[in-house]
Participant: 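Quick one: the structure is below, questions incoming.
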Amino acid sequence: MEAQPTAALETVFRLESPGVIAGVARLVRDVGIAEELTQDALVAALEQWPRDGVPDNPGAWLMATARRRAVDLIRRRENYARKLAEIGRELPASAPPPEEPADPEDIDDDLLRLVFTACHPVLSAEARIALTLRLLGGLTTSEIARARLVPEPTVAQRIVRAKRTLARKNVAFEVPYGPDREARLGSVLEVIYLIFNEGYAATAGDDWLRPALCEDALRLARVLSALMPKEPEVHGLAALLEFQSSRTAARTAPDGEPVLLKDQNRHRWNRLLIARGVTALGHAHATTGSAAPGPYALQAAIAACHATAHTYEETDWPRIAALYGLLAARAPSPVVELNRAVAVSMAEGPAPALALVDTLAAEPALRDYHLLPSVRGDLLARLGRTAEAREEFERAASLTRNARERALLLHRAQEATG
């Protein structure tokens with residue numbers, strides 16, 4: 001009898017914990033304390049649900065329990081006396097808190113406030129990722145450690161330090177407005193993008209893909225697009241992740257080996273996700289209006305070219321090259337230039353693309369970037385310069401930390417020698 005409630009609790013808690021943490025954080029103004037109180041509610045559920053059964057609305061049960069404990073905590077601790085004076089009158093232990101006054105400019109959503117708090121620029125990128133996966137993804141410390149390929153104590157320290165930093169810096173539990181909105185939103189989108197990329201092409205380890213990370217990032221992007229429907233770059237990121245996720249099933253062989261884009265079975269691409277991507281990209285264009293599209297919308301447009309091509313040969317490479325040109329102007333980056341060179345090689349041939357790649361050789365950011373010699377090796381192989389191509393593929397293999405990718409690059413080196 002206990003197995004069913006316990007299993008239900010695990011599922012419910014992963015789904016509901018972000019909202020519960022967000023609701024409690026609005027009361028106590030501290031995400032660390034809010035998470036502890038949410039965990040207390042979980043313990044209470046573990047004690048009561050096996051005995052009394054799973055409640056009809058388990059999420060509401062967890063929220064009510066966590067909120068009651070928040071009030072108890074505020075009343076119990078003297079150093080929370082000021083907060084008690086502010087919110088104790090508004091939140092009797094027997095009733096939920098009244099709605100805050102609605103401001104036409106306000107986005108009255110606790111979950112959105114939690115997103116902006118967890119992704120605050122005062123935290124390092126790794127701390128933002130760990131805290132976001134913990135609070136919004138519902139992942140345990142051990143799950144985050146496995147996903148990020150770092151020791152569990154390292155993840156635990158990052159999360160603890162992140163919470164302390166937010167408290168020490170008195171980071172407001174709010175959604176920023178005006179000039180601060182764009183900068184803070186950029187941080188939020190960057191974290192979701194980094195989480196997805198780590199799952200889409202793992203930087204290290206034995207696996208090429210980590211689908212769970214991709215799914216977490218995609219879910220966060222969908223939540224954010226629903227919470228911020230007037231932000232074009234939010235829709236742009238959602239569209240990009242929908243398109244990229246659509247290819248997941250075709251990107252690896254049964255043995256786990258990577259399958260390159262040109263060799264993928266497009267019948268295995270998820271057409272529902274592609275349709276969702278097209279819709280999200282349409283929202284991005286509609287909300288952009290006459291302004292220039294942002295970097296995520298441009299990347300989504302590039303991904304759409306791939307997703308809507310029935311065969312590799314039908315890919316609109318000239319348009320992709322042009323979009324990369326726009327992206328390079330909007331968000332200059334050596335990696336963007338490298339991707340543009342790949343598109344140019346398909347649209348105009350390997351020779352002009354090799355000239356572009358050679359200009360990137362001195363870029364410090366690409367010095368240990370394995371895809372630079374990988375792309376150069378591919379271009380040299382297409383030009384018939386096989387000995388040079390082999391050297392480039394071997395160099396790329398020595399730089400990557402992913403075992404699957406290393407094997408693929410060494411295989412390409414062997415192919416280049418005939």
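Just so you know, these numbers come straight off a predicted model, no measurement behind them.
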Participant: Please report the shortest heavy-atom distance between A353 and L379, naming the atom on each side.
Facilitator: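 What the structure gives for the nearest pair is C-CD1, 3.9 Å.
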Participant: Determine whether the side chains of W317 and E348 contain a donor N or O and an acceptor N or O closer than 3.5 Å.
Facilitator: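 No, no side-chain donor-acceptor contact under 3.5 Å.
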Participant: Flag the pair R247 / H306 as yes when at least one side-chain heavy-atom distance between them is below 4.5 Å, and no otherwise.
Facilitator: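 The answer is yes, as the side chains (C-beta and beyond) meet within the 4.5 Å cut-off.
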Participant: For P318 and A347, work out which heavy atoms get closest and say how close.
Facilitator: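 So the minimum-distance heavy-atom pair works out to N-CB, 3.9 Å.
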Participant: Does the side chain of S345 reach to within under 4.5 Å of the side chain of R382, using non-hydrogen atoms?
Facilitator: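 Sidechains of R382 and S345: in contact.
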Participant: Just so I know, are the side chains of E152 and V155 near enough to count as touching, which here means a heavy-atom distance under 4.5 Å?
Facilitator: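 No, their side chains stay 4.5 Å or more apart.
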Participant: Look up atom CD in E405 and atom CG in L399, then write down how far apart they are to the nearest 0.5 Å.
Facilitator: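 Reported value, rounded in 0.5 Å steps: 10.5 Å.
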Participant: Could you walk me through whether K262 and E313 pass salt bridge (Lys or Arg N to Asp or Glu O under 4.0 Å), step by step?
Facilitator: CA-CA 8 Å; K262 65 183 178 65; E313 292 72 23; over 6 Å; no
Participant: Less than 4.5 Å apart, side chain to side chain, heavy atoms only: is that true for L62 and T65?
Facilitator: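 A side-chain contact under 4.5 Å is absent here.
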Participant: Evaluate whether atom CG of D263 has more than 12 neighbouring non-hydrogen atoms of other residues, nucleotides or ligands under 6.0 angstrom away.
Facilitator: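 Buried by this count: over 12 neighbours within 6.0 Å.
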Participant: Please assess T117 against L131 for the test side chain to side chain contact (heavy atoms under 4.5 Å, CB included), listing each intermediate value before the final yes or no.
Facilitator: CA-CA 10 Å; T117 303; L131 193 59; over 6 Å; no
Participant: Any chance you could lay out the side-chain hydrogen bond (donor to acceptor under 3.5 Å, both in side chains) test for Q299 and Y193, step after step, and finish with the verdict?
Facilitator: CA-CA 12 Å; Q299 291 181 73; Y193 184 67; 2.8 Å; yes
Participant: Rounded to the nearest 0.5 Å, what separates atom OH in Y296 from atom CG in L281?
Facilitator: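 Reported value, rounded in 0.5 Å steps: 15.5 Å.
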Participant: Does E242 pair with R276 as a salt bridge, N-O distance under 4.0 Å?
Facilitator: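 A salt bridge is present here (some side-chain N lies under 4.0 Å from a carboxylate O).
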Participant: If you look at every heavy atom in S245 and L218, which pair is closest and at what distance?
Facilitator: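 Taking S245 first and L218 second, the nearest heavy atoms are OG-CD2, 3.7 Å.
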Participant: So, the side chain of T132 versus the backbone of I129: is there a donor-acceptor pair under 3.5 Å, distance only?
Facilitator: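 No, because the side chain of T132 does not come within donor-acceptor range (under 3.5 Å) of the backbone of I129.
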Participant: Grab the two heavy atoms, one from R67 and one from V24, that are nearest each other, plus how far apart they are.
Facilitator: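 Of all heavy-atom pairs spanning R67 and V24, the closest is N-CG2, 4.3 Å.
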Participant: Does R319 CZ have over 12 foreign heavy atoms under 6.0 Å away?
Facilitator: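 Counting neighbours around CZ of R319, 12 or fewer heavy atoms of other residues, nucleotides or ligands fall under 6.0 Å, so no.
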Participant: Nearest 0.5 Å please: distance from the OG1 atom of T248 over to the CZ atom of R268.
Facilitator: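 If we round to the nearest 0.5 Å, T248:OG1 and R268:CZ are 10.5 Å apart.
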Participant: Without swapping roles, check the side chain of R134 against the backbone of I159 for a donor-acceptor pair under 3.5 Å.
Facilitator: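 Pair absent, no side-chain N/O of R134 close to backbone of I159.
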Participant: Which atom names give the shortest non-hydrogen contact between M63 and V20, and what distance separates them?
Facilitator: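 Looking at all heavy atoms of both residues, the closest pair is CE-CA, 3.6 Å.
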Participant: Please walk me through it: do L136 and R219 pass side chain to side chain contact (heavy atoms under 4.5 Å, CB included)?
Facilitator: CA-CA 10 Å; L136 294 158; R219 180 170 57 82; over 6 Å; no
Participant: Counting C-beta onward and ignoring hydrogens, is there a side-chain heavy-atom pair between L224 and L112 closer than 4.5 Å?
Facilitator: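 Counting from C-beta outward, L224 and L112 do come under 4.5 Å.
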Participant: Rounded to the nearest 0.5 Å, what separates atom CG in D316 from atom OG1 in T308?
Facilitator: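 Going from CG on D316 over to OG1 on T308, the span is 8.5 Å.
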Participant: So which heavy atom on R266 is nearest to which on Y312, and how close?
Facilitator: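 The pair with the smallest heavy-atom distance is NH2-CA, 3.3 Å.
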Participant: If I take atom CG from residue D30 and atom CG from residue L37, how far apart are they, to the nearest 0.5 angstrom?
Facilitator: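 Atom-to-atom, D30:CG and L37:CG are 9.5 Å apart.
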Participant: Is the shortest heavy-atom distance from the side chain of T315 to the side chain of M346 under 4.5 Å?
Facilitator: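 Sidechains of M346 and T315: no contact.
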Participant: Side chain of H283, backbone of P232: donor and acceptor closer than 3.5 Å?
Facilitator: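 Flag not set: sc H283 to bb P232 has no pair under 3.5 Å.
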Participant: Using the rule side chain to side chain contact (heavy atoms under 4.5 Å, CB included), only one of S374, P258, S398 pairs with L409; which is it?
Facilitator: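 The side chain to side chain contact (heavy atoms under 4.5 Å, CB included) with L409 is passed solely by S374 among S374, P258, S398.
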Participant: Any side-chain donor-acceptor pair under 3.5 Å between S187 and R128?
Facilitator: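 There is such a pair between these side chains.
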Participant: Are the side chains of F173 and L114 in touch, meaning some heavy atoms are under 4.5 Å apart?
Facilitator: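 Result yes, sub-4.5 Å side-chain heavy-atom pair found.
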Participant: For the backbone of P121 and the side chain of R184, can you confirm whether one donor and one acceptor N or O come within less than 3.5 Å of each other?
Facilitator: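 No.
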Participant: As an exercise, state the distance from OG1 of T288 to CD of E231, rounded to the nearest 0.5 Å.
Facilitator: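 Interatomic distance, T288 OG1 to E231 CD, rounded to 0.5 Å: 10.0 Å.
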Participant: What do the steps show when you test R113 against E174 for salt bridge (Lys or Arg N to Asp or Glu O under 4.0 Å), and what is the final call?
Facilitator: CA-CA 5 Å; R113 294 186 181 101; E174 63 184 10; over 6 Å; no
Participant: Go through H411 and E257 one step at a time and tell me if the side-chain hydrogen bond (donor to acceptor under 3.5 Å, both in side chains) criterion holds.
Facilitator: CA-CA 11 Å; H411 178 69; E257 291 299 316; over 6 Å; no
Participant: Without placing hydrogens or testing angles, list every side-chain donor-acceptor pair under 3.5 Å for residues 161-172, not counting sequence neighbours.
Facilitator:
unit_1, atom_1, unit_2, atom_2, d
K163, NZ, E35, OE1, 2.3
T165, OG1, R161, O, 2.8

Participant: Give a yes or no answer on whether the side chain of E16 reaches the backbone of P58 with a donor-acceptor pair at less than 3.5 Å.
Facilitator: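 Such a contact is absent between E16 side chain and P58 backbone.
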Participant: If the plane angle is over 60° it's perpendicular, under 30° parallel, otherwise tilted; pick one for W61 and W49.
Facilitator: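 Perpendicular: the ring planes of W61 and W49 meet at over 60°.
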Participant: With side chain to side chain contact (heavy atoms under 4.5 Å, CB included) as the criterion, how do L273 and F243 come out once you've worked through the C-alpha distance, each side chain's angles and the decisive distance to 0.1 Å?
Facilitator: CA-CA 6 Å; L273 294 183; F243 286 132; over 6 Å; no
Participant: Tell me if a side-chain donor or acceptor on T279 pairs with a main-chain N or O of A275 at a distance below 3.5 Å.
Facilitator: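 Answer holds: yes.
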Participant: Passes side chain to side chain contact (heavy atoms under 4.5 Å, CB included), R412 versus D378? Steps please.
Facilitator: CA-CA 9 Å; R412 296 207 67 191; D378 181 71; 2.9 Å; yes
Participant: Does the side chain of L356 reach to within under 4.5 Å of the side chain of L360, using non-hydrogen atoms?
Facilitator: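 The answer is no; the side chains never approach within 4.5 Å.
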